[in-house]
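For reference, the structure is listed below as structure tokens.
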Amino acid sequence: MSKAVSLRTAIFGVLALALTVVVACGGTAPAEPATQSTSGDSSAQQAPAAQPQSQPQQQQPASQPSGQQQAQSQAPAPTAAAAQPVGMSDASTGGAAPTAVPEPTAAPAMTLGEPVQADLRVAITPPYAENLLGWRVGGTNQGILQPMQEALFQRDYQTWEAKPMLAESWSVSPDGKEWTINLRENVPFHHEEDTFGVSDFVFSFQLWSHPEANTGFGAFWDQILGPEGDDVRSFTTETLGQAATVTEVSDSEMVWNMNRPELWIPFYASEATTDPLIYSLDYWEKNGEAAYAESPVGTGPWRHVSYQQGAKLEYERAFDDHWRINPDFDTLTFFFAEEDLTRVAMLRAKEADIAEIPRELQGEIVDAGFAITQSTLPAFMVWVGIGGQYLEDKRNADDPNTNVLVRRAMNHAIDRDALNEAFFDNKMELMANTGWHPTDPSYDPAWEIPAYDPDLSRELLAEAGYGDSGPSVEFMSGKLVGVPELTEIAVPMISWLEDVGFSVEAQIGEFQPIRTRYRAREMNSVLWTHRTGFWPAGRNMRVYFVSPALAGAVFMYEDPITEDLFSRWQSSVDETERLNLMKEAGHYMYDQNATIPLGFLFAEFGINPEVIAEYSVNNSYFGGMKGHEYTRVVRQ
């Protein structure tokens, strides 16, 4: 029996008994160490230099479904990933230089023939918090709203460059503080009583930065566009739809006079991030928040129909002629299915046309005549956060997580190769430094992936002053859409940590308690599994590795040195200076073992090729929640 099979079998035995409740300490016996190639230092293996990534082959059904032509039944072939997405550069990420006036996205050509069905059904891991007012839930939860709501900008998911959405063109002043943005005209909201304009943007910003918002970027938007003063937000102090920092030149042109320089507006205000969905001021003023939550509207190609919390969310095609694209399907339904095997069964029973399938179960799907489709660029970054690394106001000096020797011991206790083989079918690109992909300009190819070396871990704990009684930590894990394996990989990691001397209290279940605690900066002595999208290092720094003073959101690592580097980075408008500052921040965090990096994954979903002619999962971070206006139906 292979190591991967034995590890997976042992883990599923534990999961079957305990994953829905608190998992007791102890875990499974550790897997035998994987053989690792080393370079120089025997404690590490060399991270790959920035070069074209080799993708797993597109998996195809073993035999073609009856009654379908082969061209229809096969999933679309993946496009080769770019070696260096041009949009990962600092200027391209922001879209700030040169002044960008790109062409809108071309809609796919309509194919001939009658659709085999009118309804598109997608089975996904449930969002950890469901609410149809995205600003009240934040994070990945807003992905289920993106079919009906649009943003100012979008990203090209092969080059990562900024593209227009509700903003048609934009420019920025040399000091990075004044943005002029021209909006798309005559775009109706779904209630068809108003069209999108400047006041709707300002109102949306006021919701993103609302005092009760749970958005990841609420503090960021308040810092750049909000009124002066601590704990003063535009929603409560300014007229709805109006802000002192936003000049309305006309209903379709605005000038932002920002409180500080910011070059990445076309990134932070794009559909690629979690918060900047556009809301209708007119609909809010006529109906109120409660009605908006019950029956929300947007400008997107899908219109809300109904919602059953924990069960499903239904949309229908919004307009006969949407400005951006007309969906191939008449309706779109998300089915929320917590259990992996439930989503597998739904696809096999043809109750779902697209389903989120864990990578270790994808072979079963392919053998049954279905297909796996894959993104062209990595979509997810997976790692373990090491909590408690706060600035002095929240720091506990007795927390073992604040000791760099302990953090090094954690990193060398984890057998990344075994996790990759057992749970990800060796499709994970291992990561040397959380937040930095080899294609990022600030990445250093000299960084090394921590090698599995339990003896070294024990030596490091002894050096840190731990004898017979090792450090006590809590390990939390919850499922997130796109990487359903998060809770499963927690079990062997807990076991490996215990094997080298850690005492671990495990909490495996829902993700919402994790988010509640890290947002409150209450993760002292806690480790937790996490995933995010394929982002530039600057975005990862802002969200995960700075304090509330710099508009952080997760507070996974706070340090006076990185606080200074990031503050200087976001205030600079010189690309060379910014690059050097981001490199310095990366080196410092690498040396500090700030997290337990695991790897990058492509987005992969099971599809029924009898129904789906084309489905692009190039939508980083949101899994199968968005982009379905571009999904093509089989026609005959």
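Just the heavy atoms: all of them, side chains too, but no hydrogens, waters or symmetry mates, feed the values below.
Listed by chain and residue number, nothing satisfies the ring pair (Phe, Tyr, Trp, His ring centres under 6.0 Å) test with Tyr390 (two or more places apart in sequence, or in another chain). Partners of Glu563 under the side chain to side chain donor-acceptor pair (under 3.5 Å) rule, at least two apart in sequence or in another chain, are Ser547. Residues satisfying the side chain to side chain donor-acceptor pair (under 3.5 Å) test with Asp251, not counting sequence neighbours, are none.
Contact check on Arg578 versus Asp574 returns no salt bridge, with no Lys/Arg side-chain nitrogen under 4.0 Å from an Asp/Glu carboxylate oxygen. Glu193 and Lys286 are joined by a salt bridge, as a carboxylate oxygen and a charged side-chain nitrogen come within less than 4.0 angstrom of each other. Checked for salt-bridge contact, Glu262 and Arg260 meet the test: a charged N lies under 4.0 Å from a carboxylate O. For the pair Glu238 and Arg233, the salt-bridge criterion is not met [side-chain N within less than 4.0 Å of a carboxylate O]. Looking at Lys626 and Glu271, a side-chain N of the basic residue comes within less than 4.0 Å of a carboxylate O on the acidic one, giving a salt bridge. A salt bridge does not link Glu577 with Arg568: none of the charged nitrogens is closer than 4.0 Å to a carboxylate oxygen.
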### Query
Which is it for Leu120 and His628 under the side chain to side chain contact (heavy atoms under 4.5 Å, CB included) test, yes or no, and what are the steps along the way?
CA-CA 9 Å; Leu120 176 57; His628 289 295; 3.8 Å; yes
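Partner of Leu145 under the side-chain contact (heavy atoms from CB on, under 4.5 Å) criterion, chosen from Leu133, Asn131, Val137, Leu132: Leu132.
A cation-pi arrangement, defined by a distance under 6.0 Å to the six-membered ring centre and an angle within 45 degrees of its axis, is present between Arg303 and Phe319.
Taking every heavy atom of both residues into account, Tyr588 and Asp559 meet most closely at OH-OD2, 3.0 Å.
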